[in-house]
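Quick note: numbers below take in every heavy atom, side chains included, and nothing from hydrogens, waters or symmetry partners. First listed ligand is number 1; within each ligand, the first listed atom is number 1. Each residue takes its place number in the sequence, starting with 1.
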Amino acid sequence: MEKLRFFATTVIGLEDVASREVESLIGVKTEQDVGRIAFHGNLEDVYLLNLKASTINKVFIELYGSTFQSLNDIYRLAKSLDYTWILDAQQTFAIRSERVGVHNFTSMDVSRVVGQAVIDSFANATGKRLKVNLDEPDVEIYCLVRNSDFIMGVNTTGASLHKRGYRVYSHPAALKPTIASAMLRIGDWTPANSLIDPMCGGATIPIEAALEASGIPPNHLRKDFAFLRLKICNQETFEKIRAEALAQQKLESACKICAMEKFAKHVQGGIENAKKAGVHETISFKIGDATKPQDYPEAQFDFIVVNPPYGLRANPKEGVRKLYESFLKALKTKLPEATLVIITAASKRFKEAAENTGITIIKDRKIWHGELLANIFTCKI
Ligand SMILES: C[S@@+](CC[C@H](N)C(=O)[O-])C[C@H]1O[C@@H](n2cnc3c(N)ncnc32)[C@H](O)[C@@H]1O
């Protein structure tokens, strides 16, 4: 099979991190776009990325990518494509569309005309009529209309890869594992460095670090990859790649990773999540207050990677400024040599606290954390 063109989605603001990860995992050059990266590869790369990539959401086989002028145009372009290599006549499909920009049609119109175009193209080629199933399709085709761009792709992942499958305890303010993993990369953390998350909640950051340190593929618990239903998928090759990836697991990790948190309930939840992820032996858990130097473990840590609260219900006006200041003061006392990587949507409060405590911000980037615009700051304590 000749090289396929792919695109992978990621969090807006993390495109460069996702690019670097994909390039190192499958040895290709990538192009970056908003919330998306594109590259060429083969089917084995689909299996490998879905199993091993930690900073992307979904991988798509690109069917089409260019400009368009009208909804009729979209129908015509979609109908000109061949779908017989992707779908069998007895399989169902669904179109999922997103639209960005000003148009005289909705994303539902896009799904409707592209759905018709797929049925018409397939019927012309095979004489058979495909069935649509919007709830549980065998094959999902994604369309993005952004201004005058029209992109179509087949979803090889299914549900986003940030759903790793280890979150048996759902912290109410949990961080997406894709963002947690990106924070480690942004700080240039490697398993050779020790790490503490002193406000760990359900332990997403320590778990992502421990997966990396243990050589466990971050998506090893996922059994529901959408590529398994694509007619071009070769189950045997996938099983071989999966077995090879799992065999790289280290029996013991020397990496020192600590997860600390004020509330016992979250610590317990974090332990459950780490057990499910298969890394609880790599992480030491501790109840403690991140603003109190005496609560930290005795040892020094190279990195503090943390996702603190962004607001305080008890004190919405003062907000988190005091918490951030006390936290940074504790770090100055306890871990004066460490690098801090922190995500917060209360960016102004954090910058004030950093200034007041003499902590230098060396890197700063904006990302979309769900509906919130957040900053990831890298600091020298
Ligand atoms: C945004 S949540 C972290 C969520 C976590 N990253 C996850 O994915 O589950 C912030 C956590 O900080 C904890 N926290 C707040 N103040 C703290 C303090 N002074 N010391 C330790 N933990 C604290 C909260 O209890 C909460 O669990």
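Atoms of ligand 1 lying under 4.0 Å from at least one heavy atom of Phe263, given by number and element, are 25 (O). Against a heavy-atom cut-off of under 4.0 Å, Ala173 is close to the following atoms of ligand 1: 1 (C), 4 (C). Below 4.0 Å from some heavy atom of Pro309 lie the following atoms of ligand 1, by number and element: 10 (C), 12 (O), 15 (C). If you number the atoms of ligand 1 from 1 as listed, the ones under 4.0 Å from a heavy atom of Gly201 come out as 9 (O), 27 (O). Remark: ligand 1 atoms within the under-4.0 Å shell around heavy atoms of Gly288 are 20 (N), 21 (C). When each atom of ligand 1 is checked for a heavy atom of Pro198 under 4.0 Å away, the hits are 21 (C), 22 (N). The contact set between ligand 1 and Leu175, taken as ligand atoms under 4.0 Å from a residue heavy atom, comprises 6 (N), 7 (C), 8 (O). Which parts of ligand 1 touch Ala174 is read off a 4.0 Å heavy-atom cut-off, strictly below it: atoms 7 (C), 8 (O), 9 (O).
Considering each of Glu261, Lys176, His369, the one bringing a non-hydrogen atom nearest atom 11 (C) of ligand 1 is Glu261. Nearest to atom 12 (O) of ligand 1 by heavy atom, out of Lys262, His266, Met199, is Met199.
For atom 20 (N) of ligand 1, the closest non-hydrogen atom of the protein is Ala290 N, 2.8 Å. Atom 7 (C) of ligand 1 has Thr204 OG1, 3.3 Å as its closest protein atom, hydrogens excluded (heavy atom only). Among protein heavy atoms, atom 5 (C) of ligand 1 sits closest to Cys200 O, 3.3 Å. The protein heavy atom nearest to atom 19 (N) of ligand 1 is Asp289 OD1, 2.8 Å. The shortest contact between atom 9 (O) of ligand 1 and any protein heavy atom is with Gly202 N, 2.8 Å. Asn307 OD1, 2.9 Å is the protein heavy atom nearest to atom 6 (N) of ligand 1.
Distance CG/Leu87 to CG/Asp138: 8.0 Å, rounded to 0.5 Å.
The existence of a salt bridge linking Asp88 and Lys231 is confirmed by a sub-4.0 Å separation between a basic side-chain nitrogen and an acidic carboxylate oxygen. Ionic pairing of Lys240 and Glu44 is not present here: no N-O contact between side-chain nitrogen and carboxylate oxygen is shorter than 4.0 angstrom. Here Asp33 pairs with Arg36 in a salt bridge; the nearest charged N to carboxylate O distance falls below 4.0 Å.
Geometrically, Arg349 does not engage Tyr324 in a cation-pi contact, judged by NZ or CZ lying under 6.0 Å from the ring centre and within 45° of the ring axis. Figure legend: Lys256 and Phe301 shown as a cation-pi pair, the cationic atom lying under 6.0 angstrom from the six-membered ring centre and within 45 degrees of its axis.
Contact check for Ile359 versus Lys332: side-chain heavy atoms found under the 4.5 Å cut-off.
Nearest heavy atom pair, residue Met152 against residue Phe7, reads O-CE2, 3.9 Å.
Checked by atom type and distance alone, the side chain of Tyr296 pairs as donor or acceptor with a backbone atom of Ala290 at under 3.5 Å. Side chain of Thr344 to main chain of Asn307: no donor-acceptor pair is present (N/O by atom type, distance under 3.5 Å, no hydrogens or angles). A donor-acceptor pair under 3.5 Å links the side-chain atoms of Glu261 to the main chain of Gly201, judged by distance alone.
Residue Pro308 touches ligand 1 through its backbone alone, judged by heavy-atom distances below 4.0 Å.
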